[in-house]
**Q** 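First the structure, which I've put down as structure tokens, then a few questions once you've had a look.
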Amino acid sequence: MSINAPRGTNDILPPDSFKWQYLEEKAKEICRKYNYKEIRTPIFESTDLFIRGIGESTDIVEKEMYTFEDKAGRSITLRPEGTAPVVRSFIENKLYGKALPFKFFYSGPMFRYERPQAGRYRQFHQFGVEVLGSDNPLVDVEIIKLGIDFLKEVGLSDFVVEINSVGCKECRPGYLDKLRDYFSSVDQELCDDCKRRIKTNPLRVLDCKVESCQEIISEAPKITDNLCDKCKDDFEEVKSGLNSLMIEYREVPTLVRGLDYYTNTAFEIKSDELGSQDAIFAGGRYNGLVKEIGDRDIPGVGFALGLERLEILLEDKELDIGSGIDIYIVTIGEEAERKGFIYLNELREAGISADKDYFGRSVKSQMKDADRKNSNYTIILGTEELESGQATLRDMRSGEEFSVVLNELAEKISNLFDN
RNA sequence: GUGGGCGUAGCUCAGUUGGCUAGAGCGCGGGAUUGUGGAUCCCGAGGCCGUGGGUUCAAGACCCAUCGUCCACCCCA
């Protein structure tokens, strides 16, 4: 039996790898415009970082982490998300001493031990941004806009923006009590999962998908009616900021976040073409996290975008990814192959992407190969060409042919692509 | 962790109530055109029918297990 890639992991092969490069380049380009700088943190971290940062009772920590002991007996975890490591790095490198806010972006693999499903993998890739050091609601708006710009840049337009506020340390506990009281008074009518959630995480009841729960949920107290003055003002400012940038959004009072550290703004950008995992990117404010991991009260906000999910949405769209080559050298006979190999090298040194056959195939097959490799031009080298020093260059799109002097080949091809 | 669908050629899939040397299309290699891709035609290569066990005179098909995959739940990007 041969060995397969572990469950829930994927090889990214050509031509898909070109798509990935394209997406990563576009993300970097947008971040440069917004003045967000790249941060690269380790793929694995101390397990404690995630327990403290994400929350002990969350599903991620309870059952989804790839955790193991290293040879010295330390508990290590493959990062399941990007925010906690960025915050750890921010504190460890004492970046709070520099000019704030710090604006980061990252892109890389994350790991969660879950059953694979549409748009969900055990190793998956996120592009994310984090802003540390400002609690200005306009920053919330800025990152939402950054994410939307990215989606539009890569050709997506079919998505909706949903926002909510989940309050802060001051106003959320009171709201949770209200919510718990309300659900407890009607718990007979709720599904079994929701009965359990009343105790573990009453906010979660709000986005239960069971139909019989919907009516009860619609009558539940709304967080937005129970925010403290500061949170209320901030939420209003987020909305007016979105309006000022002409970003359409929907207020969704039942939108909550699974991770403990979120405060205030929560948002999700969804597509209805993704099946059950419909969020392309999601995030929010986490004003309590830095204090949780370090000891300083520094506000933060960020989002994470699932690159595999974006990939799914872009599957049918034609992207300008250009995986072809400039020229393919067809050779006939051993002497021509040796010479062709040298010309090939010259072309490459001149910055031209070029290739040839390495199977000694027939001319017809080599032409076919050039076609498959999506070559713009082919040139044929046989004994005649070597003797005369001239060969025929064929434009594979138009079928047009013209004669070139072999010694001027690289120069000639360069000129063709300058036009 | 729970539930359901599916595993046959590189890919997409046929294969009847169990019964001949397991098929097609696409792709791949060669040729028709002794040196020109895409169209057409001809020829060819390529299969432990996911794996292990069981039922049977006989299993690609039926049963059990297992692995993988897809989808859904939980939860999440």
Side-chain angles (χ1 to χ4, degrees), chain A residues 1-10 13 54 57-64 79-83 106-128 147 191-194 196-197 200-201 204 207-210 256-259 267-271 274-284 302-313 328-333 336 357 359-385 391-401:
Chain A
M1 254 322 244
S2 52
I3 298 170
N4 298 323
R7 178 162 211 205
T9 67
N10 293 107
L13 307 169
I54 301 171
S57 64
T58 57
D59 271 33
I60 291 182
V61 170
E62 274 183 354
K63 50 183 209 191
E64 295 174 3
R79 63 181 186 193
E81 55 102 47
T83 303
Y106 61 84
S107 175
M110 307 291 166
F111 306 84
R112 290 184 203 173
Y113 191 85
E114 300 181 276
R115 290 281 285 265
Q117 207 179 310
R120 168 189 297 169
Y121 310 94
R122 287 187 173 180
Q123 176 174 172
F124 59 103
H125 296 79
Q126 288 186 332
F127 156 62
C191 70
D192 289 346
D193 278 332
C194 284
R196 180 174 50 77
R197 289 184 187 119
T200 58
N201 194 346
R204 275 268 151 235
D207 64 7
C208 179
K209 286 160 195 155
V210 177
V256 295
R257 313 265 66 224
L259 311 185
F267 58 87
E268 236 163 71
I269 283 66
K270 294 180 173 178
S271 162
L274 278 173
S276 178
Q277 273 65 49
D278 56 0
I280 311 167
F281 73 94
F303 73 69
L305 181 148
L307 286 169
E308 279 83 359
R309 292 185 185 177
L310 186 54
E311 251 293 299
I312 291 169
L313 293 170
Y328 188 102
I329 300 181
V330 174
T331 64
I332 304 152
D357 165 72
F359 281 112
R361 281 185 286 208
S362 67
V363 173
K364 183 192 174 79
S365 291
Q366 291 186 58
M367 289 302 291
K368 222 173 172 175
D369 195 39
D371 193 37
R372 268 191 307 242
K373 287 188 163 70
N374 213 347
S375 184
N376 286 312
Y377 292 92
T378 51
I379 189 160
I380 296 181
L381 295 185
T383 37
E384 285 171 36
E385 286 80 4
T392 303
L393 189 66
R394 181 180 174 88
D395 183 327
M396 293 295 274
R397 260 177 254 280
S398 65
E400 208 180 334
E401 294 190 337

**Q** Using a 4.0 Å heavy-atom cut-off, write out nucleotides 38-43 of chain B from 5' to 3' as B (base contacted by protein), S (sugar-phosphate only) or - (no contact).
**A** B-----

**Q** Expressed as a whole number of angstroms, how long is the span from A:E384:CD to B:G35:P?
**A**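 One finds 11 Å between P of B:G35 and CD of A:E384, rounded.
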
**Q** Using the test ring-ring contact (aromatic ring centres under 6.0 Å, His included), find all partners of A:Y328 that sit at least two apart in sequence or belong to another chain.
**A**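 Expected list: none.
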
**Q** Would you measure the distance from the P atom in B:G52 across to the matching atom in B:U33 and give it in whole Å?
**A**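 Pairwise P distance, B:G52 against B:U33, rounds to 49 Å.
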
**Q** From the options B:C74, B:A72, B:U36, select the nucleotide whose nearest atom is closest to the side chain of A:V363.
**A**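 My answer, after comparing the listed nucleotides, is B:U36.
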
**Q** Rounded to the nearest angstrom, tell me the gap between atom CG in A:L381 and atom P in B:U36.
**A**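 Rounded to the whole Å, the gap is 15 Å.
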
**Q** B:A77 P sits how many Å from A:D278 CG, rounded?
**A**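 To the nearest whole Å, that distance equals 12 Å.
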
**Q** Distance check, P atoms only: B:G35 and B:C49, in whole angstrom units.
**A**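 About 41 Å, rounded to a whole number of Å.
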
**Q** So for A:Q366 and B:U36, does any side-chain atom that can act as donor or acceptor lie under 3.5 Å from a complementary atom in the base?
**A**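 Answer no: no donor N or O sits under 3.5 Å from an acceptor.
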
**Q** Determine whether a donor-acceptor pair (N or O, by modelled atom type, separation under 3.5 Å) exists between the side chain of A:R309 and the backbone of A:G119.
**A**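 Yes; judged by distance alone, with no hydrogens or angles, the pair exists.
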
**Q** What distance, rounded to whole Å, do you find between the two C1' atoms, one in B:G15 and one in B:C20?
**A**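 Here B:G15 and B:C20 have their C1' atoms 14 Å from each other.
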
**Q** For the side chain of A:R7, starting at C-beta, report the closest nucleotide among B:G68, B:C73, B:G29.
**A**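 When the side chain of A:R7 is considered, B:G68 is the closest of B:G68, B:C73, B:G29.
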
**Q** Looking only at side-chain atoms of A:E114, point me to the closest of B:C75, B:G35, B:G30.
**A**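 The closest nucleotide is B:C75.
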
**Q** For A:I280, answer base if it contacts any base atom (sugar-phosphate contacts may also be present), sugar-phosphate if it contacts only those atoms, and nothing otherwise; contact means non-hydrogen atoms under 4.0 Å.
**A**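 Touches sugar-phosphate only.
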
**Q** Sequence neighbours excluded, which residues qualify as side-chain hydrogen bond (donor to acceptor under 3.5 Å, both in side chains) partners of A:E308?
**A**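 A:E308 satisfies side-chain hydrogen bond (donor to acceptor under 3.5 Å, both in side chains) with A:H125 once adjacent residues are dropped.
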
**Q** Does any N or O donor sit under 3.5 Å from an N or O acceptor when you compare the side chain of A:E385 with the base of B:G35?
**A**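 Yes, a donor-acceptor pair under 3.5 Å.
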
**Q** By a 5.5 angstrom centroid cut-off and a 30 degree plane limit, is there stacking between A:F124 and B:A77?
**A**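 Yes, aromatic ring over the base.
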
**Q** Between B:G10 and B:C6, how far apart are the P atoms? Round to whole Å, please.
**A**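 The same atom, P, in both gives a distance of 23 Å.
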
**Q** What residues form a side chain to side chain contact (heavy atoms under 4.5 Å, CB included) with A:T383, not counting sequence neighbours?
**A**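 For A:T383, no residue satisfies side chain to side chain contact (heavy atoms under 4.5 Å, CB included) once neighbours in sequence are set aside.
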
**Q** Work out how far the C1' atom of B:G46 is from that of B:A39, and round it to whole angstrom.
**A**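 Pairwise C1' distance, B:G46 against B:A39, rounds to 26 Å.
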
**Q** B:A14 and B:G7: how far apart are their C1' atoms, nearest whole angstrom?
**A**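 Here B:A14 and B:G7 have their C1' atoms 15 Å from each other.
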
**Q** Which nucleotide in the set B:G31, B:A77, B:G3 lies at the smallest distance from any side-chain heavy atom of A:R115?
**A**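 Per side-chain heavy atoms of A:R115, the pick is B:G3.
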
**Q** Output the rounded distance in Å from CZ (A:R122) to P (B:C70).
**A**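 To the nearest whole Å, that distance equals 11 Å.
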
**Q** Choose from B:G31, B:U36, B:U2 the nucleotide whose nearest atom is closest to any side-chain atom of A:M367.
**A**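 Of the options given, the side chain of A:M367 lies nearest B:U36.
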
**Q** Which listed nucleotide (B:U2, B:C74, B:A77) is nearest to the side chain of A:A304?
**A**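 Between B:U2, B:C74, B:A77, the one nearest the side chain of A:A304 would be B:A77.
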
**Q** Using a 3.5 Å limit on both distances, find every run of at least three consecutive Watson-Crick or G-U pairs that involves RNA chain B.
**A**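 Ordered by first number, the stems with RNA chain B (at least 3 consecutive pairs each) read B:1-7 with B:67-73, B:10-13 with B:23-26, B:28-32 with B:40-44, B:50-54 with B:62-66.
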
**Q** Where do A:K368 and A:D371 land on the salt bridge (charged side-chain N to carboxylate O under 4.0 Å, His left out) test, with the steps shown first?
**A** CA-CA 5 Å; A:K368 222 173 172 175; A:D371 193 37; over 6 Å; no

**Q** Rounding to the closest angstrom, what is the interatomic distance between B:U16 and B:G54 at atom C1'?
**A**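 That atom pair is separated by 25 Å.
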
**Q** Decide whether A:Q117 and A:Q277 meet the rule of one side-chain donor and one side-chain acceptor closer than 3.5 Å.
**A**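 Yes, a side-chain donor-acceptor pair sits under 3.5 Å.
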
**Q** Please list, chain by chain and in numerical order, all residues satisfying side chain to side chain contact (heavy atoms under 4.5 Å, CB included) with A:T392, sequence neighbours excluded.
**A**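 Per chain and number, A:T392 pairs via side chain to side chain contact (heavy atoms under 4.5 Å, CB included) with A:E401.
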
**Q** Testing the basics here: between A:Q366 and A:I329, what is the closest heavy-atom pair and its distance to 0.1 Å?
**A**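 So the minimum-distance heavy-atom pair works out to OE1-O, 4.0 Å.
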
**Q** Looking only at heavy atoms, which two atoms of A:I380 and A:A391 are closest? And how far apart?
**A**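 Shortest heavy-atom separation between A:I380 and A:A391 comes out as O-CB, 3.7 Å.
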
**Q** For the residue pair A:G382 and A:A336, what are the closest heavy atoms and their distance?
**A**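 Looking at all heavy atoms of both residues, the shortest contact is CA-CB, 4.2 Å.
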
**Q** Rounded to whole Å, how long is the line connecting atom CG of A:L305 with atom P of B:A77?
**A**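 Distance check: A:L305 CG to B:A77 P gives 11 Å.
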
**Q** Of the listed nucleotides (B:G29, B:G37, B:A77), which one gets closest to any side-chain atom of A:R372?
**A**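 Closest nucleotide among those given: B:G29.
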
**Q** Report yes if a donor N or O on one partner sits less than 3.5 Å from an acceptor N or O on the other, where the partners are the side chain of A:R120 and the base of B:C75; otherwise report no.
**A**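 Indeed, a donor on one side and an acceptor on the other fall under 3.5 Å apart.
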
**Q** Quick one: does A:M396's side chain get under 4.5 Å of A:N376's, heavy atoms only?
**A**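 No, every pair of side-chain atoms sits at 4.5 Å or beyond.
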
**Q** If you only use heavy atoms from C-beta on, which nucleotide in B:G29, B:C75, B:G35 is closest to the side chain of A:S365?
**A**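 The listed nucleotide nearest to A:S365's side chain is B:G29.
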
**Q** Just call it for A:G119: base, sugar-phosphate, or nothing, with non-hydrogen atoms closer than 4.0 Å on any strand.
**A**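 Result for A:G119 = base.
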
**Q** Name the nucleic acid region contacted by A:G333, choosing base, sugar-phosphate or nothing; use a 4.0 angstrom heavy-atom cut-off, strictly under.
**A**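 No contact.
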
**Q** Rounded to whole Å, how long is the line connecting atom CZ of A:R112 with atom P of B:C75?
**A**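 Answer to the nearest Å: 14 Å.
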
**Q** If you look at every strand shown and take non-hydrogen atoms under 4.0 Å, does A:S362 touch a base, only sugar-phosphate, or nothing?
**A**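 The residue A:S362 makes sugar-phosphate contact but no base contact.
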
**Q** Rounding to the closest angstrom, what is the interatomic distance between B:U36 and B:G30 at atom P?
**A**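 Nearest-Å result for B:U36 against B:G30 at atom P: 14 Å.
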
**Q** Over all strands shown, is A:Y121 touching base, sugar-phosphate only, or nothing at heavy-atom distances under 4.0 angstrom?
**A**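 Touches a base.
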
